[in-house]
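So you know, we letter chains A, B, ... as the sequences are listed, proteins then strands, and number each from 1.
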Amino acid sequence: MSIDLVKELNSEQAKAAANINGPSLIIAGAGSGKTRMLTYRIAYMLEQGIQDREILALTFTNKAAKEMKERISELTKGNYKHITATTFHSFGLGLLKQYIQYLGYKNNFTVYDTNDNTSLLRNVIVTLGYDLSNYNISSLLALFSDIKCERHKEIQNKDSALEEIYNEFIATQKAYNVVDFDDLILLPIKIFEKRPDVLNIVQERYKYILVDEFQDTSLLQYKFITLIAKKYQNIAVVGDDDQSIYSWRGANYQNIVNFEHDFPTLKEFKLERNYRCSGNILEAANTIITHNEKRKEKKLWTEDSKGSQIYVTSNEDEEEEAYYIAQHIKDRSRKEGLAYSDFAVLVRTNGLLSKLETALMENSIPTQVSGGQSFFDRKEIRDLLCYLKVIVNIDDDVSLLRIINTPRRGIGRVTIEKLRQHADKKKTSLFDALSDFAYAADAPVSGKTKEALKNFVQMVIGWQNLAENNQKASLLSTIIDDISYREKLHEDYPDSPKSVDYKMQSLEFLRQRISRYEKSNPDTSLRDYLNLVMILGEENSDVEKGKVNLMTMHAAKGLEFNTVYLAGIEDNIIPSSRALEENPANIEEERRLFYVAVTRAKKELTITYCENRKDRMGENHLCLPSRFIEEIPNQLISNKVAGEEETSTEDKLAALSAMLEKLRKK
DNA sequence: TCGTAAACTTTTTTT
DNA sequence: AAGTTTACGA
């Protein structure tokens, strides 16, 4: 391998790629060839004799991590398999797997996602005798996360009830032997602080560090990465303050300033040449973002031609909008010979996805939706995952509670309450209490209930044995059989055998996934898989060829498409009214989000908004076009429709039949 | 303990 | 509007 940076990259890119020793701060504008630069940088490092296992590349999202891995492996022809390219969270998980026992956790810990945390917090509040209706669980979880991550010093006004709930919540997580997403970053830091020897091992292992999407790192993540980089100082951070869109979950682009302060010997690079967007789109983006006051000065430029204008269209309501876009994509792809995968429809919120998805489907346009309800959030999947989680970590009471009477096996509210009291008194897990009741002569339950408990305990123990014998995929089938899950589904959906089949099919997908994982990672455990699933979520199906991409603006970051539709560009949606209510200064982040959305388009951009729209309570509201549309210079906007020409008879027929179908449904 | 009906509640964005 | 949670009677 011989790398000629100057030949492959522009001069700024080449300088950034070549500066592999010491700290670097690389400001990389949208579409400035950042990933290309990073990939070459890594290739160059390897050529300079740096060991692949010494390189750590951290990104923020799974998508970005996956893409980086692929690009590196392409460029280095699949040699150098030991580069660590992953997200902060999975890297943290890996560290915990190795070292969590230093913090007094058992090493069979499992990961809790937001769903699990929600159930846990509800349980805690009820157990402590408070009234659930006085608390908003999600905002409480957000507050607790702030406290845990030291974004908030302490509970306001020393609210003693809240303090009690917080302390109990944290203590219960530990008692259940579970960690949440925050812990995946926080606990490794605690380990580093407690055990300098561990920190040293990690520092020696990862001598070259790279952080992508640096503007999205939280203070905690910054602390985490700085600890590791402190020793060798070979750290490159790459980011763009204009694309910071995650401040609501602790991302702090002030980290760029912190970095300048903490690594005074850094070299700074700015990539401002844009290779992605045509001239008009880039000019619109540049103009929009200058309305933000708090930003690092930069101006993207391109040698590309102006290209087409930006199309702005209004529709009567969200249904019209969806059909308009679907119809339009069909036209464009046929006339321009574009593949469906060249198109993307981007929206502000997940809730806007479903109408669009239906419209695309009804026009038989193949669609790839990312975001929305994840595979792993489906009820049947969660049910079975909870079975697996209990088998792996018997202390996990939240998961146990979910499965204890699903399907119904005669262990109801009353019994569960008795079990909890017993567990509380004896300071054991709920499962221990269960076994006690199942076998003790004087258990305060009826003979029938006792039989049910005994059965359940025996099943779980049987599954645990199977799990130890390492047949993860077949274990899942065994559980489904043992608990008669198909029959349960039939009871739940007595008049829809179709949805039963569909759900059973989902479970079959899950089984296949586990078995695939089992094959490609023969030496890892079921627990590893479960933990991975919690933070990986949906297995990123490869950017599918021939499908229109439908997703949120957040999910689109880092991606690019020939033709982009931005739907629902109305005030209250973007900028989001909720964000502005919370703090008027949030307008800048909303604008950055819009900027990110606009800069996804390479050749053509269409913006649509509606005259009215139903909110999620089903009420109709008038809407106004987003104020951000006015920030686009007038001469860049066309009120014509992209590729406006005659519609073919064929298309008119198709539109007509789609309309009929719609009517027939109503 | 279970089934049905009524009541209630939705964070915008994700690991 | 849709989904889940609670309430009550059998």
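Taking P575(A) as the reference, D571(A), L580(A), I587(A), E590(A), S626(A), R627(A), F628(A) meet the side chain to side chain contact (heavy atoms under 4.5 Å, CB included) condition, with sequence neighbours excluded. Every residue two or more places apart in sequence or in another chain was checked for a salt bridge (charged side-chain N to carboxylate O under 4.0 Å, His left out) with R420(A), and none qualifies.
With hydrogens and angles ignored, no donor-acceptor pair closer than 3.5 Å exists between the side chain of T349(A) and the base of dT12(B).
Residues N405(A) and N586(A) each lie close to DNA chain B; by heavy-atom proximity, the contact nearer the 5' end of the strand is made by N405(A). Across the interface with DNA chain B, nearest-nucleotide mapping of F181(A) and R348(A) shows R348(A) to be the residue nearer the 5′ end.
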(message) Quick one, N177(A) with T110(A), criterion side-chain contact (heavy atoms from CB on, under 4.5 Å). Give me CA distance, side-chain angles, the key distance, then yes/no.
(response) CA-CA 7 Å; N177(A) 203 27; T110(A) 44; over 6 Å; no

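Remark: of the listed residues E321(A), E619(A), E316(A), E321(A) is the sole one forming a side-chain hydrogen bond (donor to acceptor under 3.5 Å, both in side chains) with R613(A).
Rounded to whole Å, atom C1' of dT14(B) lies 15 Å from atom CE of M551(A).
Under 4.0 angstrom from either OP1 or OP2 of dT13(B) there lies no side-chain N or O belonging to R578(A). The phosphate of dT11(B) has neither OP1 nor OP2 within less than 4.0 Å of any side-chain N or O from N350(A). At the phosphate of dT14(B), OP1 or OP2 sits under 4.0 Å from a side-chain N or O atom of T552(A). Using a 4.0 Å cut-off, no side-chain N or O of S90(A) falls inside it from OP1 or OP2 of dT15(B).
Counting non-hydrogen atoms under 4.0 angstrom, Y246(A) reaches the backbone sugars and phosphates but no base. Using a 4.0 Å heavy-atom criterion, one finds that D216(A) contacts no nucleic acid atom at all.
The distance from atom OG1 of T226(A) to atom CG of N258(A), rounded to the nearest 0.5 Å, is 8.5 Å. Interatomic distance, Y529(A) OH to T524(A) OG1, rounded to the nearest 0.5 Å: 11.0 Å.
Read 5' to 3', the first and last nucleotides of DNA chain C with an atom closer than 4.0 Å to a heavy atom of chain A are dA1(C) to dC8(C).
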